[in-house]
J.: 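Got a structure here, written out as structure tokens. Questions coming.
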Protein chains: 2
Amino acid sequence: MLGRGARANDVVESVMKKYPIPLACSNCALRDLFLPVGLSRGDMDEIDQLVTTRRSVKRGEVLFHAGDPFASLFAVRSGFFKTQVTAPDGRDQVTGFQMAGELLGLDGIGQQQHHCDAIALEDSQVCEIPYVRLDEVSRKVAVMQQHLHKILSREIVRDQNVMMMLGSMRAEARVAAFLLNLIQRLQARGLSASTILLHMTREEIGSYLGLKLETISRAFSRFHQEGLLKVKQRDIQVLDEAGLHRLLNEKPC
Amino acid sequence: MLGRGARANDVVESVMKKYPIPLACSNCALRDLFLPVGLSRGDMDEIDQLVTTRRSVKRGEVLFHAGDPFASLFAVRSGFFKTQVTAPDGRDQVTGFQMAGELLGLDGIGQQQHHCDAIALEDSQVCEIPYVRLDEVSRKVAVMQQHLHKILSREIVRDQNVMMMLGSMRAEARVAAFLLNLIQRLQARGLSASTILLHMTREEIGSYLGLKLETISRAFSRFHQEGLLKVKQRDIQVLDEAGLHRLLNEKPC
DNA sequence: CGCGAGCTTGATGCCGATCAATGCATGTGG
DNA sequence: CCACATGCATTGATCGGCATCAAGCTCGCG
């Protein structure tokens, strides 16, 4: 894919299953999404030690389970994941969807064990970042430490925004917010602003939004007939982004 | 109200604005709640540099606003706070309640500006921890760095648990979960397991739980007549903790 | 004492859950 | 290639939980 030259990589080569691509973060295409800007050459050398392994995860496969001992974070390199927690009554609830350039496992640091399941929704690749290494590098490279704090803090902000959505928005507003969030993240990756391919089922969206799958379906249908979207199974064409934005401000509920 | 003996209190009183009391964390009564265990004497010296100011915040007063530039975290030393965010439509939603031994402002690190309002529900005291200092100390004291990561991670876990509650629990189960959470935090501070003094209104509880104040009131009444609680305004006596636990597992919704 | 903020309780209505039937794509084996 | 199964999505009918609206109540406080 982006298989660049391979000086020191022969060593690495043998260790991993078989990835001719260098693990070095310094020339990762997603570098800007994971790493702070303004790193010196020396810093970069440190950071290139972060990722030890790259792993393929097939669609439907579990990257880690809630309760598993925590040892590493995972950076999504390609593909798509969901995270879910299990309620005391046994039902699952999706807590997030992660695409390339996002981190998995942040919730495991506190108790040193994972708090959610992480499951691939498509065939995916992740880079494994042993937490002890991240700790070391963070201590040596101040800007990396700050960056890690920012990532953790932003995850808190993200969760609080979801809390707000779940606590105070009506069904259609939630679906609109969900779509707008997807659009925004796709745009940040330079991808189409108007065409979305959903990697998850209606049921998974519903679980994330605190709604039932029928409600998601109805919302899509409604948006369709109002001319906001073109919906065809999992292909969504956004026709009127401003219209979706307007829905967020609906008072009731 | 609970005017206790006033040995040191007179001192505290007089100073509030300029502090003859040692700010030193090393002999703070809440030390175990904020700091990692197993600190060396040298580490403690570093950590004692963390807190620069102690501040009183009167009931109803705002510690910081959403949008304010972020410079410090605040450790609640005494009293009680709520945090709230404002939805795009202008309504507020409570995102958390913080008691002595908990941190405020974690959500500001990411964007370097506060993401929520923090408002005192009682006359309170906070210790201000300039973020730049925390950064420095974290780099010097490895165990402090790890501790900070844990605190951030646990906040993520906390938020995800709230998301689960909002997304999949019925009204009474949410109220039960809320009470059980309060009990647990009070116990962690060595306080009564069965007597709770609510520092917030029904409306604030409702906002936090994604419900209306009438629903909170009805839930309390119901619990009362089922013998789970004794409710008298803001005094709650928990009579049957196991009974509350049972509510969490209710299937529907 | 009387005011007002906060709380309780009841009556009604609506949003989204639930139940159920059908449609539609993909895949599998005969 | 078709028959059939399976998983997912759509759509309709009905139901129930919580919001909403409304009226009194409690208590602290000027």
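Below, chain A is the first sequence line, B the second, and so on; all start at residue 1. Just so it is clear, the model here is predicted, and its values are computed rather than measured. Hydrogens, waters and symmetry mates are skipped; everything else that's a heavy atom, side chains included, is used.
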J.: Think B/R218 has a side-chain N or O under 4.0 angstrom from the OP1 or OP2 of D/dC18?
T.: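 No, because none of the side-chain N or O atoms of B/R218 sits under 4.0 Å from OP1 or OP2 of D/dC18.
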J.: Reckon A/R202 has a side-chain N or O less than 4.0 Å from the OP1 or OP2 of D/dC8?
T.: no
J.: Under 3.5 Å, side chain of A/R77 to main-chain N/O of A/C127, donor-acceptor pair present?
T.: no
J.: Scan B/I216 against the nucleic acid and name what it touches under 4.0 Å (heavy atoms): base, sugar-phosphate only, or nothing.
T.: nothing
J.: Taking CD from B/E204 and P from C/dA5, how many angstroms apart are they, rounded to a whole number?
T.: 15 Å
J.: I need the CD-P distance between A/E214 and D/dT11, as an integer number of Å.
T.: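 The answer, rounded to whole Å, is 13 Å.
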J.: Taking the nucleotide of DNA chain C with the nearest heavy atom to each, does A/L211 or B/S217 sit closer to the 5' end?
T.: B/S217
J.: Hey, is the side chain of B/R234 pairing donor to acceptor with the base of C/dG6 inside 3.5 Å?
T.: no
J.: Is the ring pair B/H199/B/F80 parallel, tilted or perpendicular, if the boundaries are 30 and 60 degrees?
T.: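 Answer is parallel, since the angle falls under 30°.
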J.: Could you state the atom-to-atom distance from CD1 of B/I205 to C1' of C/dC7 in whole Å?
T.: 11 Å
J.: Is there a side-chain contact between B/S221 and the phosphate of C/dT9, meaning an N or O under 4.0 Å from OP1 or OP2?
T.: yes
J.: Measure the acute angle between the ring planes of A/F64 and A/H114, then classify it against the limits of 30° and 60° as parallel, tilted or perpendicular.
T.: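 Ring orientation of A/F64 relative to A/H114: parallel.
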J.: Just the rounded figure in Å: distance from P of D/dA19 to CZ of B/R174.
T.: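 Interatomic distance, CZ of B/R174 to P of D/dA19: 8 Å.
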J.: Round to the nearest Å and state the distance from A/L209 atom CG to C/dC15 atom P.
T.: 19 Å
J.: Closest approach to the side chain of A/T201, judged atom by atom: which nucleotide of D/dA9, D/dT10, D/dA19 is it?
T.: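 Nearest listed nucleotide: D/dA9.
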J.: Applying a 4.0 Å non-hydrogen cut-off, can you work out what B/G210 is touching in the nucleic acid: base, sugar-phosphate, or nothing?
T.: sugar-phosphate
J.: Measure the distance from CD on A/E203 to P on C/dG16 and round it to the nearest whole Å.
T.: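 In whole Å, C/dG16 P and A/E203 CD are 19 Å from each other.
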J.: Measure the NE2-OG1 distance between A/H115 and A/T95 for me, rounded to the nearest 0.5 Å.
T.: 8.5 Å
J.: Without decimals, in angstroms, what is the distance between B/L213 CG and C/dT8 P?
T.: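 One finds 9 Å between P of C/dT8 and CG of B/L213, rounded.
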J.: Whole-Å distance between D/dA19 P and B/R170 CZ?
T.: 12 Å
J.: Is B/R189 close to B/L33 at the side-chain level, that is, under 4.5 Å between some pair of heavy atoms?
T.: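 SC-SC contact between B/L33 and B/R189 confirmed.
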